[in-house]
Amino acid sequence: MTDESELSPNTSEKPVSSAPKAASKKAPAKRQAKPKVVEPCEPCDALPASFERHLRYGLSRGEGVSCELFQALAYSVKEQMLDNWRQIRVDDSHFQRKQVAYLSLEFLMGRALGNALLSLDLQQDSRDALSNYAVSLEELEEAEHDAGLGNGGLGRLAACFLDSCASMDLSVTGYGIRYEYGMFAQKIVDGYQVERPDRWLREGNPWEVRVPTHNVTVPFFGHTESYVDKQGRRHIIWVETQDVLAVAYDMPVPGYRNGRVNTLRLWKAEATDDFDLAEFNQGDYTEAVARKNLAEQITMVLYPNDASENGKELRLRQQYFLSSASLQDLLKRWVSRHGHDFTQFAAKNVMQLNDTHPSIAVPELMRLLIDEYGLEWDSAWAITSQTMAYTNHTLLPEALERWPVRMMAQMLPRILEIIYEINARYLDLVAHHWPGDASKLASMSIIQDGPHPHVRMAYLAIVASFSVNGVAGLHTQLLKSGLFKDFYELWPHKFNNRTNGVTPRRWLAHCNPALAKLLTAHLGKEWVTDLSQLTALNALTQDTAFIQKWRDVKQANKALLAKMIAKECGVEFDPSMLFDVQVKRIHEYKRQLLNILHVVHLYHQIQQGHTENMVPRCVLIGGKAAPGYFMAKLIIKLASNVAHMVNSDPLVTPYLRFAFLPNYNVSAMEKICPGTDLSEQISTAGKEASGTGNMKFMMNGALTIGTMDGANIEMLEEVGSENFFLFGLNAEQVSEVRNHYHPRSIIDDSPALSEVMKLLKSGHFNLLEPGIFDPIIAAIECSDDQWMTAADFDSYRVVQEAVARAYKDPQVWTQMSIRNTAASGRFSSDVTIAGYRDEIWKL
Ligand SMILES: *Cc1c(COP(=O)(O)O)cnc(C)c1O
């Protein structure tokens, strides 16, 4: 960002105007480092004219197919942002605002067009631009490929945060990886998940700007040497490294109608030009060129694991690549203004680590400050420990990242030395705090000892950070009392809670235009940036005309969702039935299985003729399983098979329909949450850190059936228990019951669950594939079933009956729906970001 000229409209894809390019060549980047007054440039064309120009000159065939029209519109929308985008960088650097770097291995952005049009207020202009073409804006939006650079909640949170930061005029840059292949596309074949590569960049990415002047090189492998300089100071140098080039690709992040455009900077790995000179010199030219691929592999693919890591070497390479490139970028910008004076660096910079994935940034910042910029250890540590802030995202012990010391010693020898030094100094502190307690030294050490020692990345992040936060009240409390108990004792002031949120722009204004219009008609338009204003809806819950309008909106959204489900699943959802939805990554702790068992229960009831008082419902489950997660994949297969039996029995379908939606992603969620009546948030208490899907549903007027877990607890608090369907054990009870858990006797004591298990075991759902569901049956009946599905079944079933009773009275249900939206204001990511801004970043 030192060189603001990068973003001048002249370097965009604009086909005309080549003269300024030549001019910029004459002025080397270095000389432009000082802030300068940006010349006001010719006002760029209004959107319709710019669109025509891009369509005519920018693209190959001009046949008006939606893919080409989309590209032309996206380029012209980007063009509208370029001036502000550049100006923001100049201003931020000119006024020396404190900068936040949000470091994340994942940004689950979804589509950008609809959101950009909303933020820039260009919807009408776009419709005007399209008026000559036989395609609607909505169809055109569908032509955009999702940017699926994330797995689930963690990546989507990063995307919501970027939107809030820009909309709140904060100087926050997202740093991530430009994966060639994003989250895989999921197909269902014979009921099984099949993964297809997601080559999202195939048709090009109209939003990105490649910024080669920001290239940095990231070292790998090699070894360290030391020497003593003339002043007698010892220096370490990391030599014979294999360097990889990090190339910056910037994506604009427009704020909501405030003129601000922030940056998401994504790094792509490329080979350096001087790769393997030795090999060249030996004449092995082709071999050397072929090895370029090795470097480029680093940013080839997103690891598709949500909430579990598998210690793959390439993943560590990605983490270091992102961390190093981003920090070098920040330091370069600093040095260009301040030289090697770092005294104010910590006052002007914060790095927020989105989980431990980028926590290798801790030793990397130490390395850059010491080895590259000549600081002493203590000054470097003061800077590092005042600028790093760590967000924890999970309580699952298997998801805590650890890297083998051996792997790190090879790949990042200098980094490992620094980690050892950090650890040694920190363990002195531990020894001081717990005198004579050797077990504390072992249990709290960043290095986990043993025959195969590992680096505990969460501990490294905590030790170096001035802030450690959880993502919901219960989650933070459990971190303090469990996983990080000792650290909390040592540094209570570091720990804080920032309950997650979702952006109301994408998750209400954009995805639910009908409801947005109704809200604006009654409340004015301020709710878009101040979601607390939705509480005014509570005054309308007795207004029968308003209730009817609310209901009409929901019914229309259900019809749209039904259309998508018919197309994607071949199952007819009837909008007069209750829409009961669970979409999220497939994981045992999220308990899609509990939902399926309930469907089997309803199916059995219907077949037994117990249909009196039954409320007809359509159940939807969707989500991807990690490709290597056997049980999650089997749960998908079970859902598919049960769905097949349910939907093919004409005695059942008047009361129950069931579909598994393939390829759940951000764009799918934009259609799902507006059309949902009942949101399933049924994780085993104490396992879901926060959840954010729960919030999107609530905002869109769905009622929640859920456990006392994650942010559900705070949602219930806001909306009141009379508007929330609570069931199951709480976190405390879960850990208590765990010690004497006997699912078989729970099943025996529950007639309903006994029938369900009997039906499963009979092979009714897998007549042609005998035995395939045995692992699921065994897991439910196993006394160390971590997820305790059987324990909550009856409670869940009974509360589902209460759901059905409530749904029978449309008036009552709609009032509850309104109250849910009214109470969702606290779950705007604007509120969350205000917390980060005031309590952590101190902007
Ligand atoms: C919101 C969202 C998530 C997170 O959902 P949870 O229910 O909180 O796990 C995951 N994936 C997508 C595509 C989302 O939009």
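Order of appearance sets the numbers: ligands from 1, and atoms from 1 within every ligand. FYI, side chains are in, hydrogens and waters are out, and symmetry mates aren't considered; it's all heavy atoms of this structure.
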Practice task
Would you check if Phe658 and Ile596 make a side-chain contact, meaning some heavy-atom pair closer than 4.5 Å?
Solution key: yes
Problem - Student check: side-chain heavy atoms of Asn512 and Val553 closer than 4.5 Å - result: yes
What atoms of ligand 1 come closer than 4.0 angstrom to any heavy atom of [X]?
{"X": "Trp507", "result": "15 (O)"}
{"X": "Gly153", "result": "3 (C), 4 (C), 10 (C)"}
{"X": "Val666", "result": "13 (C)"}
{"X": "Gly691", "result": "8 (O)"}
{"X": "Gly152", "result": "10 (C), 11 (N)"}
{"X": "Asn665", "result": "13 (C)"}

Exercise for the section: Mark yes or no: Lys624 above the aromatic ring of Phe184, with NZ or CZ under 6.0 Å from the six-membered ring centre and no more than 45 degrees from the axis. Expected result: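 Geometry flag: set, cation within 6.0 Å and 45°.
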Practice task
Kindly indicate whether a cation-pi arrangement holds for Lys687 with Tyr589, taking the cut-offs as under 6.0 Å to the six-membered ring centre and within 45° of the axis.
Solution key: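 Relative to the ring axis of Tyr589, which defines the angle, Lys687 lies outside at least one limit.
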So, regarding [X] and ligand 1 (criterion: nitrogen or oxygen to nitrogen or oxygen, under 3.5 Å), is there a contact or not?
{"X": "Thr692", "answer": "yes"}
{"X": "Gly693", "answer": "yes"}
{"X": "Lys590", "answer": "yes"}
{"X": "Lys584", "answer": "yes"}

Problem - Glu688/Arg591 salt bridge by N-O under 4.0 Å criterion - result: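 A salt bridge is absent here (no side-chain N lies under 4.0 Å from a carboxylate O).
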Exercise for the section: Indicate yes or no: does Arg111 engage Glu670 in a salt bridge with an N to O separation below 4.0 Å. Expected result: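 Here Arg111 does not pair with Glu670 in a salt bridge, since their nearest N and O are not under 4.0 Å apart.
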Practice task
Check the pair Ser66, Glu139 against side chain to side chain donor-acceptor pair (under 3.5 Å), reporting the backbone distance first and the verdict last.
Solution key: CA-CA 7 Å; Ser66 28; Glu139 284 170 87; over 6 Å; no
Problem - Phe697, portion touching ligand 1 at heavy-atom distance under 4.0 Å - result: neither
Practice task
May I ask you to identify, for Val502, whether its side chain, its backbone, both or neither come under 4.0 Å of ligand 1 on a heavy-atom basis?
Solution key: neither
Handout entry: Closest protein heavy atom to atom 11 (N) of ligand 1, given as residue, atom name and distance to 0.1 Å
Key = Tyr664 CE2, 3.5 Å
Practice task
Can you label the angle between the Tyr390 ring and the Phe484 ring as parallel, tilted or perpendicular, going by 30° and 60°?
Solution key: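 Taking Phe484 first and then Tyr390, their aromatic rings sit tilted (interplane angle of 30° to 60°).
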Handout entry: Ile636 versus Gly623, closest heavy-atom pair with distance
Key =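 Closest approach of Ile636 to Gly623, heavy atoms only: CD1-O, 4.0 Å.
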Fill in the blank from the handout: Heavy-atom proximity to atom 3 (C) of ligand 1 ranks first, among His587, Lys696, Met183, Arg506, for Lys696
